[in-house]
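Counting from 1, the numbers follow the sequence of the chain as shown.
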Amino acid sequence: MHSTLSFSQATTVPTTNYAFHSQSPINLRFCGLRREAFGISILTRSSSGRVRLSTRGRSKRTSASTGNNGTPPKSFDYDLIIIGAGVGGHGAALHAVEKGLKTAIIEGDVVGGTCVNRGCVPSKALLAVSGRMRELQSEHHMKALGLQVSAAGYDRQGVADHANNLASKIRSNLTNSMKALGVDILTGFGTIVGPQKVKYGKVGFTDNVVTAKDIIIATGSVPFVPKGIEVDGKTVITSDHALKLEFVPDWIAIVGSGYIGLEFSDVYTALGSEVTFIEALDQLMPGFDPEISKLAQRVLINPRKIDYHTGVFATKITPARDGKPVIVELTDAKTKEHKDTLEVDAALIATGRAPFTYGLGLENINVVTQRGFVPVDERMRVIDANGNLVPHLYCIGDANGKMMLAHAASAQGISVVKQVTGRDHVLNHLSVPAACFTHPEISMVGLTEPQAREKAEKEGFEISVAKTSFKANTKALAENEGEGLAKLIYRPDNGEILGVHIFGLHAADLIHEASNAVALGTRIQDIRFAVHAHPTLSEVLDELFKSAKVLDMKTLRKMKS
(Lines give C-alpha, C1' and ligand atoms only; values in the text may rest on other atoms or scores of the structure.)
Protein backbone atom coordinates (compact mmCIF):
# COMPACT_ATOMS: atom_id res chain seq x y z
CA MET A 1 0.00 0.00 0.00
CA HIS A 2 1.05 3.57 -0.52
CA SER A 3 1.29 4.31 3.17
CA THR A 4 2.15 7.97 3.38
CA LEU A 5 2.16 11.11 5.31
CA SER A 6 1.47 14.62 3.99
CA PHE A 7 -0.45 18.05 3.63
CA SER A 8 -3.93 18.66 4.94
CA GLN A 9 -7.32 20.08 4.33
CA ALA A 10 -7.98 20.21 8.06
CA THR A 11 -9.10 23.63 9.26
CA THR A 12 -6.10 24.07 11.50
CA VAL A 13 -3.46 23.51 8.84
CA PRO A 14 -2.94 25.49 5.63
CA THR A 15 -3.79 23.59 2.45
CA THR A 16 -2.26 23.66 -1.00
CA ASN A 17 -4.92 26.21 -1.90
CA TYR A 18 -5.21 25.27 -5.53
CA ALA A 19 -8.76 24.35 -6.40
CA PHE A 20 -9.84 22.68 -9.60
CA HIS A 21 -13.53 23.23 -10.26
CA SER A 22 -15.50 21.23 -7.67
CA GLN A 23 -12.62 19.07 -6.57
CA SER A 24 -10.94 19.97 -3.30
CA PRO A 25 -7.16 19.80 -3.13
CA ILE A 26 -5.36 18.32 -0.20
CA ASN A 27 -1.89 19.23 0.94
CA LEU A 28 1.19 17.04 1.41
CA ARG A 29 2.06 16.47 5.01
CA PHE A 30 5.28 16.74 6.93
CA CYS A 31 7.38 14.10 8.55
CA GLY A 32 7.03 12.90 12.12
CA LEU A 33 9.41 9.96 12.38
CA ARG A 34 10.12 8.39 15.74
CA ARG A 35 13.73 8.02 16.83
CA GLU A 36 13.75 4.41 15.63
CA ALA A 37 13.83 5.73 12.06
CA PHE A 38 17.34 6.95 12.69
CA GLY A 39 18.66 3.66 13.99
CA ILE A 40 18.02 4.32 17.67
CA SER A 41 16.07 1.34 18.97
CA ILE A 42 15.35 2.54 22.51
CA LEU A 43 11.60 2.93 23.05
CA THR A 44 10.36 5.67 25.36
CA ARG A 45 6.85 5.83 26.72
CA SER A 46 5.24 9.19 25.93
CA SER A 47 2.88 10.67 28.48
CA SER A 48 0.03 12.71 26.99
CA GLY A 49 -1.56 15.77 28.46
CA ARG A 50 -3.51 16.61 25.35
CA VAL A 51 -6.75 18.52 25.71
CA ARG A 52 -9.69 16.17 25.54
CA LEU A 53 -12.33 16.68 22.90
CA SER A 54 -16.02 15.77 22.72
CA THR A 55 -17.00 12.20 23.45
CA ARG A 56 -20.04 12.21 21.23
CA GLY A 57 -18.60 9.30 19.28
CA ARG A 58 -19.28 7.05 22.26
CA SER A 59 -23.00 7.29 21.64
CA LYS A 60 -22.70 5.64 18.23
CA ARG A 61 -23.93 2.09 17.93
CA THR A 62 -21.41 -0.48 16.83
CA SER A 63 -22.29 -2.62 13.89
CA ALA A 64 -20.52 -5.70 12.65
CA SER A 65 -21.54 -4.79 9.09
CA THR A 66 -20.84 -8.35 8.10
CA GLY A 67 -23.34 -8.81 5.29
CA ASN A 68 -22.46 -12.14 3.70
CA ASN A 69 -18.83 -12.02 4.72
CA GLY A 70 -19.01 -14.34 7.71
CA THR A 71 -18.53 -13.71 11.39
CA PRO A 72 -15.47 -12.57 13.32
CA PRO A 73 -13.03 -15.40 14.11
CA LYS A 74 -12.92 -16.63 17.70
CA SER A 75 -9.14 -16.76 17.81
CA PHE A 76 -6.71 -14.46 16.01
CA ASP A 77 -3.36 -14.64 14.29
CA TYR A 78 -2.46 -11.19 15.67
CA ASP A 79 -3.60 -8.71 18.25
CA LEU A 80 -3.15 -5.90 15.72
CA ILE A 81 -2.72 -5.72 11.96
CA ILE A 82 -1.77 -2.43 10.32
CA ILE A 83 -2.34 -1.96 6.59
CA GLY A 84 0.35 0.45 5.41
CA ALA A 85 3.92 0.92 6.65
CA GLY A 86 4.31 4.66 6.39
CA VAL A 87 5.14 6.90 9.33
CA GLY A 88 1.64 6.49 10.78
CA GLY A 89 1.71 2.70 10.55
CA HIS A 90 5.28 2.55 11.84
CA GLY A 91 4.48 4.70 14.87
CA ALA A 92 1.43 2.59 15.68
CA ALA A 93 3.37 -0.67 15.28
CA LEU A 94 6.18 0.36 17.63
CA HIS A 95 3.76 1.58 20.28
CA ALA A 96 1.74 -1.64 19.96
CA VAL A 97 4.84 -3.78 20.53
CA GLU A 98 5.73 -1.60 23.50
CA LYS A 99 2.29 -2.39 24.91
CA GLY A 100 2.81 -6.13 24.41
CA LEU A 101 0.61 -6.65 21.34
CA LYS A 102 1.48 -9.26 18.73
CA THR A 103 1.64 -6.99 15.68
CA ALA A 104 1.91 -7.32 11.91
CA ILE A 105 2.18 -4.60 9.30
CA ILE A 106 1.22 -5.10 5.64
CA GLU A 107 3.04 -3.11 2.96
CA GLY A 108 2.62 -3.49 -0.78
CA ASP A 109 5.09 -0.80 -1.85
CA VAL A 110 8.11 0.10 0.30
CA VAL A 111 8.43 0.69 4.02
CA GLY A 112 8.31 4.38 4.91
CA GLY A 113 5.47 5.44 2.63
CA THR A 114 5.37 8.86 1.02
CA CYS A 115 7.24 10.65 3.80
CA VAL A 116 10.39 8.61 3.63
CA ASN A 117 10.42 7.74 -0.05
CA ARG A 118 8.60 10.50 -1.91
CA GLY A 119 7.95 13.31 0.53
CA CYS A 120 9.31 14.79 3.74
CA VAL A 121 12.66 13.05 3.91
CA PRO A 122 14.04 13.52 0.37
CA SER A 123 12.51 16.99 0.12
CA LYS A 124 14.39 18.09 3.24
CA ALA A 125 17.60 16.82 1.67
CA LEU A 126 16.96 19.02 -1.38
CA LEU A 127 16.03 21.96 0.85
CA ALA A 128 19.24 21.53 2.82
CA VAL A 129 21.12 22.01 -0.46
CA SER A 130 18.99 24.97 -1.53
CA GLY A 131 19.53 26.67 1.83
CA ARG A 132 23.30 26.44 1.55
CA MET A 133 23.26 27.51 -2.08
CA ARG A 134 21.09 30.51 -1.26
CA GLU A 135 23.44 31.55 1.53
CA LEU A 136 26.56 31.17 -0.60
CA GLN A 137 24.94 33.07 -3.47
CA SER A 138 24.08 36.05 -1.28
CA GLU A 139 27.01 38.42 -1.63
CA HIS A 140 25.42 40.84 0.85
CA HIS A 141 24.98 38.09 3.44
CA MET A 142 28.54 36.80 3.05
CA LYS A 143 30.03 40.29 3.14
CA ALA A 144 28.13 41.14 6.33
CA LEU A 145 29.77 38.15 7.98
CA GLY A 146 33.20 39.09 6.65
CA LEU A 147 33.35 36.11 4.33
CA GLN A 148 34.54 35.90 0.77
CA VAL A 149 33.52 32.99 -1.45
CA SER A 150 33.99 32.21 -5.09
CA ALA A 151 31.00 31.49 -7.31
CA ALA A 152 28.89 28.69 -5.82
CA GLY A 153 27.98 25.76 -8.03
CA TYR A 154 26.37 22.35 -7.70
CA ASP A 155 26.36 18.89 -9.20
CA ARG A 156 22.77 17.95 -10.04
CA GLN A 157 23.36 14.22 -9.77
CA GLY A 158 25.21 14.68 -6.50
CA VAL A 159 22.25 16.62 -5.10
CA ALA A 160 19.81 13.94 -6.31
CA ASP A 161 21.98 11.21 -4.82
CA HIS A 162 22.00 12.98 -1.46
CA ALA A 163 18.18 12.91 -1.38
CA ASN A 164 17.98 9.31 -2.55
CA ASN A 165 20.64 8.08 -0.14
CA LEU A 166 18.92 9.73 2.80
CA ALA A 167 15.60 8.11 1.89
CA SER A 168 17.29 4.71 1.55
CA LYS A 169 18.98 5.04 4.94
CA ILE A 170 15.80 6.03 6.77
CA ARG A 171 13.80 3.31 4.98
CA SER A 172 16.36 0.69 6.03
CA ASN A 173 16.35 1.91 9.62
CA LEU A 174 12.55 1.84 9.76
CA THR A 175 12.49 -1.73 8.48
CA ASN A 176 15.24 -2.90 10.83
CA SER A 177 13.64 -1.23 13.85
CA MET A 178 10.36 -3.09 13.29
CA LYS A 179 12.06 -6.42 12.68
CA ALA A 180 14.23 -6.01 15.76
CA LEU A 181 11.17 -5.40 17.93
CA GLY A 182 9.30 -8.39 16.57
CA VAL A 183 6.84 -6.72 14.19
CA ASP A 184 5.95 -9.10 11.35
CA ILE A 185 6.27 -7.33 7.98
CA LEU A 186 3.86 -8.94 5.51
CA THR A 187 4.56 -8.05 1.90
CA GLY A 188 1.63 -7.43 -0.42
CA PHE A 189 -1.45 -5.30 -0.91
CA GLY A 190 -3.86 -5.58 2.00
CA THR A 191 -7.62 -5.98 1.51
CA ILE A 192 -10.24 -6.30 4.23
CA VAL A 193 -12.38 -9.36 3.43
CA GLY A 194 -14.59 -9.34 6.51
CA PRO A 195 -14.69 -8.47 10.21
CA GLN A 196 -11.19 -8.69 11.70
CA LYS A 197 -9.92 -10.47 8.58
CA VAL A 198 -7.43 -9.28 5.94
CA LYS A 199 -5.94 -10.86 2.86
CA TYR A 200 -2.65 -9.78 1.36
CA GLY A 201 -0.44 -10.81 -1.52
CA LYS A 202 1.34 -9.78 -4.67
CA VAL A 203 -0.21 -9.72 -8.12
CA GLY A 204 0.02 -13.16 -9.73
CA PHE A 205 0.55 -14.98 -6.42
CA THR A 206 -1.85 -16.72 -4.07
CA ASP A 207 -3.31 -14.46 -1.40
CA ASN A 208 -2.75 -15.10 2.29
CA VAL A 209 -5.50 -14.50 4.86
CA VAL A 210 -4.74 -13.35 8.41
CA THR A 211 -6.93 -12.32 11.31
CA ALA A 212 -6.52 -9.80 14.09
CA LYS A 213 -8.48 -8.55 17.06
CA ASP A 214 -8.00 -4.98 15.78
CA ILE A 215 -7.11 -3.55 12.38
CA ILE A 216 -5.70 -0.12 11.52
CA ILE A 217 -5.92 1.30 8.00
CA ALA A 218 -2.87 3.50 7.34
CA THR A 219 -2.62 3.55 3.54
CA GLY A 220 -1.86 7.23 3.10
CA SER A 221 -2.22 9.28 -0.06
CA VAL A 222 -0.96 9.92 -3.58
CA PRO A 223 -0.46 13.16 -5.57
CA PHE A 224 -3.71 14.78 -6.68
CA VAL A 225 -3.73 15.67 -10.37
CA PRO A 226 -6.72 17.70 -11.67
CA LYS A 227 -8.45 16.72 -14.89
CA GLY A 228 -6.98 18.20 -18.05
CA ILE A 229 -3.40 17.86 -16.86
CA GLU A 230 -1.28 15.26 -18.63
CA VAL A 231 1.58 14.04 -16.42
CA ASP A 232 4.44 12.42 -18.33
CA GLY A 233 6.87 12.24 -15.41
CA LYS A 234 9.49 14.20 -17.33
CA THR A 235 8.32 17.70 -18.20
CA VAL A 236 4.94 17.64 -16.44
CA ILE A 237 5.59 16.17 -13.01
CA THR A 238 4.26 15.67 -9.50
CA SER A 239 6.27 15.95 -6.31
CA ASP A 240 7.06 12.23 -6.65
CA HIS A 241 9.01 12.93 -9.84
CA ALA A 242 10.45 16.28 -8.74
CA LEU A 243 12.22 14.72 -5.77
CA LYS A 244 14.35 12.66 -8.14
CA LEU A 245 15.73 15.95 -9.57
CA GLU A 246 16.35 14.38 -12.98
CA PHE A 247 16.80 17.84 -14.46
CA VAL A 248 16.67 21.49 -13.44
CA PRO A 249 14.53 23.45 -15.93
CA ASP A 250 15.27 27.04 -16.85
CA TRP A 251 11.60 27.95 -16.36
CA ILE A 252 9.09 25.90 -14.40
CA ALA A 253 5.42 26.57 -13.70
CA ILE A 254 4.26 25.41 -10.25
CA VAL A 255 0.52 24.81 -9.98
CA GLY A 256 -0.45 25.53 -6.37
CA SER A 257 1.20 27.80 -3.80
CA GLY A 258 0.79 25.73 -0.66
CA TYR A 259 3.46 23.84 1.25
CA ILE A 260 4.59 21.68 -1.67
CA GLY A 261 4.72 24.51 -4.16
CA LEU A 262 6.53 26.87 -1.80
CA GLU A 263 9.19 24.34 -0.86
CA PHE A 264 9.91 23.41 -4.46
CA SER A 265 10.06 27.07 -5.47
CA ASP A 266 12.77 27.45 -2.83
CA VAL A 267 14.71 24.51 -4.31
CA TYR A 268 14.34 25.45 -7.96
CA THR A 269 15.16 29.16 -7.60
CA ALA A 270 18.26 28.35 -5.52
CA LEU A 271 19.41 26.02 -8.30
CA GLY A 272 18.88 28.70 -10.97
CA SER A 273 15.34 28.15 -12.30
CA GLU A 274 12.74 30.83 -12.90
CA VAL A 275 9.38 29.99 -11.34
CA THR A 276 5.81 30.93 -12.21
CA PHE A 277 3.13 30.17 -9.62
CA ILE A 278 -0.39 29.36 -10.77
CA GLU A 279 -2.90 29.79 -7.93
CA ALA A 280 -6.68 29.38 -8.14
CA LEU A 281 -7.43 31.71 -5.24
CA ASP A 282 -6.95 35.47 -5.29
CA GLN A 283 -3.74 35.50 -3.27
CA LEU A 284 -0.70 33.33 -2.77
CA MET A 285 -0.48 31.16 0.33
CA PRO A 286 -4.09 31.87 1.37
CA GLY A 287 -4.19 28.99 3.85
CA PHE A 288 -1.56 30.53 6.11
CA ASP A 289 -2.28 33.27 8.63
CA PRO A 290 -2.76 36.37 6.42
CA GLU A 291 -0.12 38.44 8.21
CA ILE A 292 2.46 35.66 7.97
CA SER A 293 1.50 35.06 4.34
CA LYS A 294 2.03 38.73 3.49
CA LEU A 295 5.49 38.79 5.09
CA ALA A 296 6.44 35.46 3.52
CA GLN A 297 5.51 36.73 0.07
CA ARG A 298 7.70 39.80 0.59
CA VAL A 299 10.68 37.61 1.56
CA LEU A 300 10.18 34.31 -0.30
CA ILE A 301 8.52 35.45 -3.53
CA ASN A 302 9.08 39.08 -4.46
CA PRO A 303 12.93 39.25 -4.35
CA ARG A 304 13.38 35.95 -6.21
CA LYS A 305 12.98 35.00 -9.82
CA ILE A 306 9.31 34.21 -9.28
CA ASP A 307 6.19 35.59 -10.90
CA TYR A 308 2.63 34.42 -10.39
CA HIS A 309 -0.91 34.26 -11.71
CA THR A 310 -3.67 34.24 -9.10
CA GLY A 311 -7.38 33.63 -9.55
CA VAL A 312 -6.80 31.18 -12.40
CA PHE A 313 -7.07 27.44 -13.07
CA ALA A 314 -4.56 25.48 -15.11
CA THR A 315 -7.30 23.79 -17.10
CA LYS A 316 -4.98 22.04 -19.54
CA ILE A 317 -1.29 21.23 -19.43
CA THR A 318 0.43 19.43 -22.31
CA PRO A 319 3.93 17.95 -21.86
CA ALA A 320 6.83 19.03 -24.06
CA ARG A 321 7.11 16.92 -27.21
CA ASP A 322 8.35 17.17 -30.78
CA GLY A 323 10.51 20.17 -29.94
CA LYS A 324 7.59 22.11 -28.46
CA PRO A 325 7.58 23.43 -24.86
CA VAL A 326 5.12 22.58 -22.11
CA ILE A 327 1.83 24.36 -22.83
CA VAL A 328 -0.20 25.65 -19.87
CA GLU A 329 -3.68 27.01 -20.57
CA LEU A 330 -5.06 29.32 -17.89
CA THR A 331 -8.76 29.92 -17.23
CA ASP A 332 -10.25 32.64 -15.05
CA ALA A 333 -11.45 31.00 -11.82
CA LYS A 334 -14.59 33.14 -11.67
CA THR A 335 -15.69 33.65 -15.27
CA LYS A 336 -14.29 30.31 -16.54
CA GLU A 337 -13.07 32.16 -19.64
CA HIS A 338 -9.65 31.55 -21.22
CA LYS A 339 -7.19 34.04 -19.78
CA ASP A 340 -3.67 33.20 -20.93
CA THR A 341 -1.35 30.54 -22.35
CA LEU A 342 2.12 29.90 -20.97
CA GLU A 343 4.99 28.12 -22.69
CA VAL A 344 7.46 26.78 -20.12
CA ASP A 345 10.19 24.15 -19.85
CA ALA A 346 8.40 22.14 -17.15
CA ALA A 347 5.34 22.15 -14.92
CA LEU A 348 5.09 20.82 -11.36
CA ILE A 349 1.61 19.85 -10.20
CA ALA A 350 1.54 20.79 -6.51
CA THR A 351 -2.22 20.65 -6.03
CA GLY A 352 -2.09 18.47 -2.94
CA ARG A 353 -2.77 14.87 -2.08
CA ALA A 354 -5.64 12.41 -2.56
CA PRO A 355 -6.31 9.47 -0.19
CA PHE A 356 -5.10 6.06 -1.33
CA THR A 357 -8.02 3.88 -0.31
CA TYR A 358 -8.99 2.11 -3.54
CA GLY A 359 -8.89 -1.68 -3.31
CA LEU A 360 -9.09 -1.82 0.49
CA GLY A 361 -12.23 -3.95 0.37
CA LEU A 362 -14.26 -1.44 2.34
CA GLU A 363 -17.39 -2.61 0.54
CA ASN A 364 -16.99 -5.93 2.36
CA ILE A 365 -17.75 -4.20 5.65
CA ASN A 366 -20.32 -1.70 4.32
CA VAL A 367 -18.03 1.33 4.47
CA VAL A 368 -18.41 4.05 1.85
CA THR A 369 -15.61 6.60 1.42
CA GLN A 370 -16.25 10.33 1.27
CA ARG A 371 -14.25 11.83 -1.61
CA GLY A 372 -11.95 8.86 -1.13
CA PHE A 373 -11.48 9.38 2.62
CA VAL A 374 -12.45 6.70 5.12
CA PRO A 375 -15.04 8.20 7.53
CA VAL A 376 -13.98 8.07 11.18
CA ASP A 377 -15.01 9.57 14.50
CA GLU A 378 -12.75 11.54 16.86
CA ARG A 379 -11.20 8.29 18.07
CA MET A 380 -10.29 7.19 14.52
CA ARG A 381 -12.96 4.47 14.62
CA VAL A 382 -14.32 3.71 11.15
CA ILE A 383 -17.96 4.55 10.48
CA ASP A 384 -20.04 2.46 8.08
CA ALA A 385 -22.64 3.57 5.51
CA ASN A 386 -25.40 3.48 8.13
CA GLY A 387 -23.53 5.75 10.53
CA ASN A 388 -22.55 2.95 12.87
CA LEU A 389 -19.07 2.18 14.17
CA VAL A 390 -17.37 -0.84 12.62
CA PRO A 391 -16.04 -2.90 15.55
CA HIS A 392 -12.25 -3.21 15.89
CA LEU A 393 -11.51 -1.15 12.75
CA TYR A 394 -9.62 2.14 12.76
CA CYS A 395 -8.18 4.48 10.13
CA ILE A 396 -5.31 6.93 10.66
CA GLY A 397 -3.33 9.48 8.64
CA ASP A 398 -4.00 10.78 5.15
CA ALA A 399 -6.56 8.06 4.48
CA ASN A 400 -9.02 9.67 6.93
CA GLY A 401 -8.29 13.28 5.90
CA LYS A 402 -8.50 14.75 9.39
CA MET A 403 -5.01 16.24 9.24
CA MET A 404 -2.70 15.17 6.45
CA LEU A 405 0.59 15.46 8.29
CA ALA A 406 3.02 12.62 8.97
CA HIS A 407 3.37 13.34 12.65
CA ALA A 408 -0.42 13.63 12.94
CA ALA A 409 -0.71 10.15 11.42
CA SER A 410 1.78 8.80 13.94
CA ALA A 411 -0.02 10.52 16.82
CA GLN A 412 -3.35 9.11 15.64
CA GLY A 413 -1.83 5.63 15.47
CA ILE A 414 -0.49 5.89 19.00
CA SER A 415 -3.89 7.15 20.15
CA VAL A 416 -5.57 4.09 18.62
CA VAL A 417 -3.11 1.73 20.33
CA LYS A 418 -3.90 3.41 23.65
CA GLN A 419 -7.58 2.68 23.05
CA VAL A 420 -7.19 -0.97 22.07
CA THR A 421 -5.05 -1.55 25.16
CA GLY A 422 -7.71 -0.19 27.48
CA ARG A 423 -6.96 3.51 27.82
CA ASP A 424 -9.43 5.93 26.24
CA HIS A 425 -7.72 8.71 24.31
CA VAL A 426 -8.70 11.52 21.95
CA LEU A 427 -6.02 13.44 20.04
CA ASN A 428 -6.35 17.22 20.13
CA HIS A 429 -5.58 18.12 16.51
CA LEU A 430 -5.38 21.82 17.39
CA SER A 431 -2.15 21.02 19.25
CA VAL A 432 -0.47 19.42 16.22
CA PRO A 433 2.12 21.77 14.68
CA ALA A 434 2.93 22.16 11.00
CA ALA A 435 5.88 23.65 9.15
CA CYS A 436 7.00 24.74 5.71
CA PHE A 437 10.76 24.32 5.24
CA THR A 438 11.50 27.30 3.04
CA HIS A 439 14.35 29.70 3.78
CA PRO A 440 13.35 31.22 6.16
CA GLU A 441 10.88 28.65 7.51
CA ILE A 442 7.19 29.00 8.34
CA SER A 443 5.50 27.17 11.22
CA MET A 444 2.20 27.24 13.00
CA VAL A 445 -0.05 25.59 15.54
CA GLY A 446 -3.70 26.16 16.33
CA LEU A 447 -5.93 28.78 14.73
CA THR A 448 -5.12 31.61 12.32
CA GLU A 449 -6.26 35.07 13.36
CA PRO A 450 -9.40 35.00 11.15
CA GLN A 451 -10.31 31.54 12.49
CA ALA A 452 -9.78 32.70 16.07
CA ARG A 453 -11.93 35.80 15.54
CA GLU A 454 -14.70 33.69 14.05
CA LYS A 455 -14.55 31.32 17.02
CA ALA A 456 -14.54 34.24 19.48
CA GLU A 457 -17.59 35.79 17.86
CA LYS A 458 -19.52 32.51 17.99
CA GLU A 459 -18.58 31.69 21.57
CA GLY A 460 -18.70 35.21 22.97
CA PHE A 461 -15.16 36.02 24.09
CA GLU A 462 -12.44 38.48 23.10
CA ILE A 463 -9.08 37.70 21.55
CA SER A 464 -5.80 39.57 21.57
CA VAL A 465 -2.69 39.38 19.40
CA ALA A 466 0.94 39.74 20.47
CA LYS A 467 3.94 39.90 18.13
CA THR A 468 7.71 39.88 18.36
CA SER A 469 10.35 40.39 15.68
CA PHE A 470 13.46 38.36 14.99
CA LYS A 471 15.22 41.69 14.55
CA ALA A 472 15.25 42.02 18.34
CA ASN A 473 16.85 38.59 18.84
CA THR A 474 20.61 38.48 19.46
CA LYS A 475 21.14 35.02 17.98
CA ALA A 476 19.21 35.89 14.80
CA LEU A 477 21.25 39.06 14.38
CA ALA A 478 24.49 37.13 14.94
CA GLU A 479 23.44 34.87 12.06
CA ASN A 480 22.50 37.97 10.02
CA GLU A 481 18.98 36.50 9.79
CA GLY A 482 16.86 39.15 11.44
CA GLU A 483 13.97 38.87 8.98
CA GLY A 484 11.12 37.21 10.83
CA LEU A 485 8.02 37.47 12.96
CA ALA A 486 6.35 35.47 15.74
CA LYS A 487 2.65 35.96 16.37
CA LEU A 488 0.52 34.83 19.31
CA ILE A 489 -3.28 34.73 19.27
CA TYR A 490 -4.80 34.31 22.72
CA ARG A 491 -7.64 34.98 25.11
CA PRO A 492 -6.78 37.90 27.41
CA ASP A 493 -9.43 36.84 29.95
CA ASN A 494 -7.89 33.48 30.79
CA GLY A 495 -4.55 33.25 28.95
CA GLU A 496 -5.56 30.40 26.64
CA ILE A 497 -3.27 30.04 23.61
CA LEU A 498 -5.40 29.85 20.45
CA GLY A 499 -2.67 29.95 17.84
CA VAL A 500 1.03 30.67 17.27
CA HIS A 501 2.57 31.46 13.89
CA ILE A 502 6.27 31.94 13.18
CA PHE A 503 8.16 33.08 10.10
CA GLY A 504 11.92 33.17 10.48
CA LEU A 505 15.14 31.28 11.09
CA HIS A 506 14.45 27.74 12.41
CA ALA A 507 10.74 28.45 12.81
CA ALA A 508 10.02 24.73 12.40
CA ASP A 509 12.03 23.98 15.55
CA LEU A 510 10.72 26.91 17.58
CA ILE A 511 7.03 26.06 17.19
CA HIS A 512 7.16 23.07 19.53
CA GLU A 513 7.27 25.10 22.72
CA ALA A 514 3.94 26.58 21.65
CA SER A 515 2.42 23.31 20.42
CA ASN A 516 3.35 21.53 23.66
CA ALA A 517 1.79 24.37 25.63
CA VAL A 518 -1.45 23.94 23.65
CA ALA A 519 -1.36 20.16 24.11
CA LEU A 520 -0.84 20.45 27.86
CA GLY A 521 -3.35 23.27 28.30
CA THR A 522 -0.63 25.58 29.64
CA ARG A 523 -1.77 29.18 30.00
CA ILE A 524 0.30 32.23 29.09
CA GLN A 525 0.50 33.36 32.70
CA ASP A 526 2.36 30.12 33.49
CA ILE A 527 4.60 29.69 30.44
CA ARG A 528 5.77 33.32 30.50
CA PHE A 529 7.89 32.51 33.55
CA ALA A 530 9.83 29.75 31.79
CA VAL A 531 13.56 30.49 31.51
CA HIS A 532 15.25 30.44 28.10
CA ALA A 533 18.99 30.25 27.49
CA HIS A 534 20.63 33.41 26.20
CA PRO A 535 21.42 34.08 23.45
CA THR A 536 19.13 31.65 21.60
CA LEU A 537 16.36 31.83 19.05
CA SER A 538 14.02 30.42 21.69
CA GLU A 539 13.98 33.89 23.24
CA VAL A 540 11.72 34.93 20.36
CA LEU A 541 9.01 32.80 22.01
CA ASP A 542 10.06 34.02 25.45
CA GLU A 543 9.51 37.64 24.43
CA LEU A 544 6.28 36.71 22.64
CA PHE A 545 4.67 35.16 25.74
CA LYS A 546 5.95 37.95 28.00
CA SER A 547 4.44 40.60 25.71
CA ALA A 548 0.94 39.12 25.97
CA LYS A 549 -1.43 41.10 28.21
CA VAL A 550 -3.51 38.70 30.29
CA LEU A 551 -6.09 40.31 32.55
CA ASP A 552 -5.73 39.68 36.28
CA MET A 553 -8.63 38.46 38.39
CA LYS A 554 -9.24 41.87 39.93
CA THR A 555 -9.66 43.47 36.50
CA LEU A 556 -11.91 40.63 35.33
CA ARG A 557 -14.19 41.05 38.34
CA LYS A 558 -14.50 44.78 37.63
CA MET A 559 -15.37 44.08 33.99
CA LYS A 560 -18.08 41.58 34.97
CA SER A 561 -19.60 43.80 37.66
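At least one side-chain heavy atom of D509 sits less than 4.5 Å from a side-chain heavy atom of H506. Side-chain contact between L405 and V432 is present, with at least one heavy-atom pair separated by less than 4.5 Å. Side-chain contact check for P440 versus L505: every heavy-atom pair is 4.5 Å or farther apart. The shortest distance between side-chain heavy atoms of S273 and P249 falls below 4.5 Å. V376 is listed as a side-chain neighbour of C395, based on a closest heavy-atom distance under 4.5 Å. Looking at heavy atoms from C-beta onward, L245 lies in side-chain contact with L271 at the 4.5 angstrom threshold. Annotation: side chain of V255 is not in contact with side chain of L348 (no heavy-atom distance under 4.5 Å). Using a 4.5 Å heavy-atom cutoff, the side chains of I349 and P226 are in contact.
Checked by atom type, the side-chain pair T235/D232 shows a donor-acceptor distance below 3.5 Å. Neither side chain, T448 nor D289, offers a donor N or O lying under 3.5 Å from an acceptor on the other. In this structure, a donor-acceptor pair under 3.5 Å is present between the side chains of Q412 and H429. H90 and S177 share a donor-acceptor pair across their side chains, judged by distance under 3.5 Å alone.
In terms of modelled atom types and a separation under 3.5 Å, the side chain of S410 and the main chain of H407 share no donor-acceptor contact. Formation of a donor-acceptor pair under 3.5 Å by the T211 side chain with backbone atoms of D77 is found in this model. Judged purely by atom type and a 3.5 angstrom limit, N364 has no side-chain atom pairing as donor or acceptor with the backbone of G194. In this structure, Y394 contributes its side chain and I215 its backbone to no donor-acceptor pair below 3.5 Å. Checked by atom type and distance alone, the side chain of T103 pairs as donor or acceptor with a backbone atom of L101 at under 3.5 Å. Put simply, the side chain of S415 never gets that close to the backbone of A411: no donor and acceptor are under 3.5 Å apart. Side-chain atoms of S168 come within 3.5 Å of backbone N or O of N164 as a donor-acceptor pair. Under the 3.5 Å distance criterion, the side-chain polar atoms of K213 are left unmatched by any main-chain donor or acceptor of Y78. Under the 3.5 Å distance criterion, the side-chain polar atoms of T351 are left unmatched by any main-chain donor or acceptor of G256. Distance alone, capped at 3.5 Å, places no donor-acceptor pair between the S515 side chain and the P433 backbone.
Scanning all heavy atoms of the two residues, the minimum distance from V326 to D345 falls at CG2-O, 3.6 Å.
In this structure, the separation between NZ on K102 and CD1 on I81 is 10.0 Å, given to the nearest 0.5 Å. Of the inter-residue distances, the one linking I383 atom CD1 with D377 atom CG reads 5.5 Å to the nearest 0.5 angstrom. The distance from atom CG of L393 to atom CD of Q196, rounded to the nearest 0.5 Å, is 9.5 Å.
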Verdict with supporting geometry, D424 and R379, salt bridge (Lys or Arg N to Asp or Glu O under 4.0 Å): CA-CA 9 Å; D424 188 33; R379 290 175 173 79; 2.7 Å; yes

If you apply the rule ring pair (Phe, Tyr, Trp, His ring centres under 6.0 Å), what do you find for Y259 with F264, and how did you get there? CA-CA 9 Å; Y259 292 96; F264 275 107; over 10 Å; no

Pair V87, T114 - check side-chain contact (heavy atoms from CB on, under 4.5 Å), show working. CA-CA 9 Å; V87 169; T114 291; over 6 Å; no

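Heavy atoms from other residues, nucleotides or ligands lying under 6.0 Å from CZ of R156 number more than 12.
Under the salt bridge (Lys or Arg N to Asp or Glu O under 4.0 Å) criterion, E230 pairs with R321, sequence neighbours left out. Taking D266 as the reference, R134, R304 meet the salt bridge (Lys or Arg N to Asp or Glu O under 4.0 Å) condition, with sequence neighbours excluded.
Of the residues listed (I229, V236, V344, T276), the one engaging V328 in a side chain to side chain contact (heavy atoms under 4.5 Å, CB included) is V344, and it is the only one. When each of P223, S239, S123 is tested with I260 by the rule side chain to side chain contact (heavy atoms under 4.5 Å, CB included), just one qualifies, namely S239.
Comment: K124 engages E263 in a salt bridge, judged by a side-chain N to carboxylate O separation of less than 4.0 angstrom. Between D184 and K179 no salt bridge is recorded (no basic side-chain N to carboxylate O distance below 4.0 Å).
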